S.K.: 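Take this structure, written in structure tokens, and hold onto it; I'll ask about it next.
Note that the structure is predicted; figures quoted are calculated from it, not measured. Excluded from the calculations below are hydrogen atoms, water molecules and symmetry mates; all remaining heavy atoms, backbone and side chain alike, are included.
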Amino acid sequence: MLRALIERGIAPDLIVGVSIGAWNGAWVAYRPDLEWVKELEQVWRQVSRRTLDMVWWRAARNMVRRKPSLYEGGGLSRFVARHLQVHNFEDLAVPLHTVAIDLTMGTKAVFSHGPLGPAVLASSAIPGVFPPVVIDGRQHVDGGLVDPTGLDTAIELGARRVYVLDSGYAGRLPAPLGSMNAIVDHTFQIAAQHRTRWTIKQMGRSVEIIHLRPDAGFLGHSMDFGATDFYLKEGYRFASEALDTRGKRGRTPGLAPIAAPVYH
């Protein structure tokens, strides 16, 4: 979806990233051009659960030991450290804001300044899957439950036109879910979908919202990377058709803020 936007000259004035969208947002905020977005696609094609140290025996061991998460988060930390190009928000070409939940204070946390790595990790620390990230003495986890697509935060920051890159997959199930992980994950997806629809309904009259959400079929789990190539191609196809149709209707997009996706 990012490639379709950049190809049509739609560049961000600011970027809001939530969950793994915080990392995607950090990548694009460093260099918002076509070749760099294509590099992002290649990075994702190389990612697997093993890349993030998400192997079954780690989860089983941590459950037995009653750890705060199924996985230690080391794989995700190494992944972020390997691919982030700068260390601080201030070094990015485009202003970036990442969204997390501050467990200690019971509030939404928006990071816009200072060290970039911890803020990206905090935004993508899925509760129960990865451990909370401590920043300034407070625990933080994935911001998807308070602001699934970053849309609320983008509007709060003053955005008047927002492109929502929504990679959620909630919808009718092809068959009953059979695992705890899948049930929890799908529940989060449904909650995110309803929250996004509510915000669009409430704010759509005062803010121009372009909601891009490909209907690419059902995922077994949002951390399943087995069909990454298919979803990249489907996202590009869907966004290209949606933006071209929008342009033919006389609403040519210009410079606009982007709200980055929640889940990959």
S.K.: Determine, stepwise, if the pair W198 / Q193 fulfils side chain to side chain contact (heavy atoms under 4.5 Å, CB included).
M.R.: CA-CA 9 Å; W198 183 88; Q193 179 183 2; over 6 Å; no
S.K.: Please report the C-alpha distance between I210 and R161 in whole Å, then the side-chain angles of each, then the deciding distance to 0.1 Å, and finally whether the side chain to side chain contact (heavy atoms under 4.5 Å, CB included) criterion is met.
M.R.: CA-CA 8 Å; I210 302 91; R161 180 188 296 149; 3.6 Å; yes
S.K.: Quick check for you: to the nearest 0.5 Å, what is the distance between M1 atom CE and I6 atom CD1?
M.R.: 13.0 Å
S.K.: Considering residues at least two apart in sequence or located in another chain, which fulfil the side chain to side chain donor-acceptor pair (under 3.5 Å) criterion with K108?
M.R.: T153, E156
S.K.: Within this structure, what is the CG-CZ distance for the pair D102 and R138, rounded to the nearest 0.5 Å?
M.R.: 4.5 Å
S.K.: So for atom CZ, which belongs to R237, do other residues, nucleotides or ligands contribute more than 12 heavy atoms lying within a distance under 6.0 Å?
M.R.: yes
S.K.: Of all heavy-atom pairs between A159 and V162, which one has the smallest distance, and what is that distance?
M.R.: CB-CG2, 3.7 Å
S.K.: Do you know the tightest heavy-atom contact between R195 and V146?
M.R.: NH1-O, 3.1 Å
S.K.: Run the salt bridge (Lys or Arg N to Asp or Glu O under 4.0 Å) check on D244 and R8 step by step: do they pass?
M.R.: CA-CA 9 Å; D244 290 344; R8 286 155 182 78; 2.8 Å; yes
S.K.: Are side-chain heavy atoms of V141 and L103 found at a separation under 4.5 Å?
M.R.: yes
S.K.: Work out which heavy atom in P131 is nearest to a heavy atom in A125; give both atom names and the distance.
M.R.: O-CB, 3.6 Å
S.K.: Side chains of W44 and D229: do they bring a donor and an acceptor to under 3.5 Å?
M.R.: no
S.K.: Starting at CZ of R3, measure out to NZ of K233 and round the result to the nearest 0.5 Å.
M.R.: 10.0 Å
S.K.: Report yes or no: does E234 contribute a side-chain atom to a donor-acceptor pair with the main-chain N or O of P214 at less than 3.5 Å?
M.R.: no
S.K.: Are F79 and W27 an aromatic pair, judged by ring center distance below 6.0 Å?
M.R.: no
S.K.: Which heavy atom of I135 sits nearest a heavy atom of P118, and at what distance?
M.R.: CD1-O, 3.6 Å
S.K.: Are V134 and F130 connected in a single hydrophobic cluster, I mean Ile/Leu/Val/Met/Phe/Trp/Tyr linked by side-chain heavy atoms less than 4.5 Å apart?
M.R.: no
S.K.: Anything under 30° is parallel, anything over 60° is perpendicular, the rest tilted; go ahead and classify W23 against H83.
M.R.: perpendicular
S.K.: Would you call K38 and E41 a salt bridge, taking side-chain N to carboxylate O under 4.0 Å as the test?
M.R.: no
S.K.: Could you tell me whether the side chain of S123 and the main chain of A119 form a donor-acceptor pair under 3.5 Å?
M.R.: no
S.K.: I'd like to check the side chain to side chain donor-acceptor pair (under 3.5 Å) partners of N88; sequence neighbours left out, ordered by chain and number.
M.R.: none
S.K.: In terms of hydrophobic clustering (I, L, V, M, F, W, Y; side-chain heavy atoms under 4.5 Å; direct or indirect links), are V43 and L116 co-clustered?
M.R.: yes
S.K.: Within this structure, what is the CD1-CZ distance for the pair I190 and F188, rounded to the nearest 0.5 Å?
M.R.: 11.5 Å
S.K.: Just verifying a value: how many Å separate T187 OG1 and L177 CG, rounded to the nearest 0.5 Å?
M.R.: 8.0 Å
S.K.: Are L151 and D166 side-chain neighbours, meaning at least one heavy-atom pair lies under 4.5 Å?
M.R.: no
S.K.: With sequence neighbours left out, which residue pairs that include part of residues 105-124 fulfil the ring-ring contact (aromatic ring centres under 6.0 Å, His included) condition?
M.R.: F111-H140
S.K.: Search all heavy atoms of A26 against all heavy atoms of L84 and return the closest pair with its distance.
M.R.: CB-CD2, 3.7 Å
S.K.: Would you say D142 and S19 are linked by a side-chain donor-acceptor pair, where the criterion is simply a distance under 3.5 Å?
M.R.: yes
S.K.: Which value, rounded to the nearest 0.5 Å, describes the distance between I200 atom CD1 and R205 atom CZ?
M.R.: 13.0 Å
S.K.: Looking only at heavy atoms, what is the nearest atom pair of A239 and L212, with distance?
M.R.: CB-CD1, 4.3 Å
S.K.: Check whether any side-chain N or O of R160 sits under 3.5 Å from a backbone N or O of E208 as a donor-acceptor pair, and report yes or no.
M.R.: no
S.K.: Identify each donor-acceptor pair in which a side-chain atom of residues 93-100 lies under 3.5 Å from a protein atom, sequence neighbours left out, and give them as a table.
M.R.:
{"from": "H97", "atom 1": "ND1", "to": "S112", "atom 2": "OG", "distance (Å)": "2.5"}

S.K.: Answer yes if L5 and Y236 sit in the same cluster of Ile, Leu, Val, Met, Phe, Trp and Tyr residues linked by side chain heavy atoms under 4.5 Å apart, and no otherwise.
M.R.: no
S.K.: Do the side chains of V86 and V37 join up, straight or via other hydrophobic residues, at under 4.5 Å, putting them in one cluster?
M.R.: yes
S.K.: Quick check on the hydrophobic clustering: are L34 and I15 connected, directly or via other members, by side-chain heavy-atom contacts under 4.5 Å?
M.R.: yes
S.K.: Quick one: do L157 and V16 satisfy side chain to side chain contact (heavy atoms under 4.5 Å, CB included)? Show the steps, please.
M.R.: CA-CA 10 Å; L157 291 168; V16 178; 4.1 Å; yes
S.K.: Can you list the residues that meet the side chain to side chain donor-acceptor pair (under 3.5 Å) rule with D33, with sequence neighbours excluded?
M.R.: R31
S.K.: Is there a side chain to side chain contact (heavy atoms under 4.5 Å, CB included) between V164 and I209 once you walk through the steps?
M.R.: CA-CA 7 Å; V164 181; I209 300 171; 4.0 Å; yes
S.K.: Partners of T199 by side chain to side chain donor-acceptor pair (under 3.5 Å), sequence neighbours excluded?
M.R.: D152
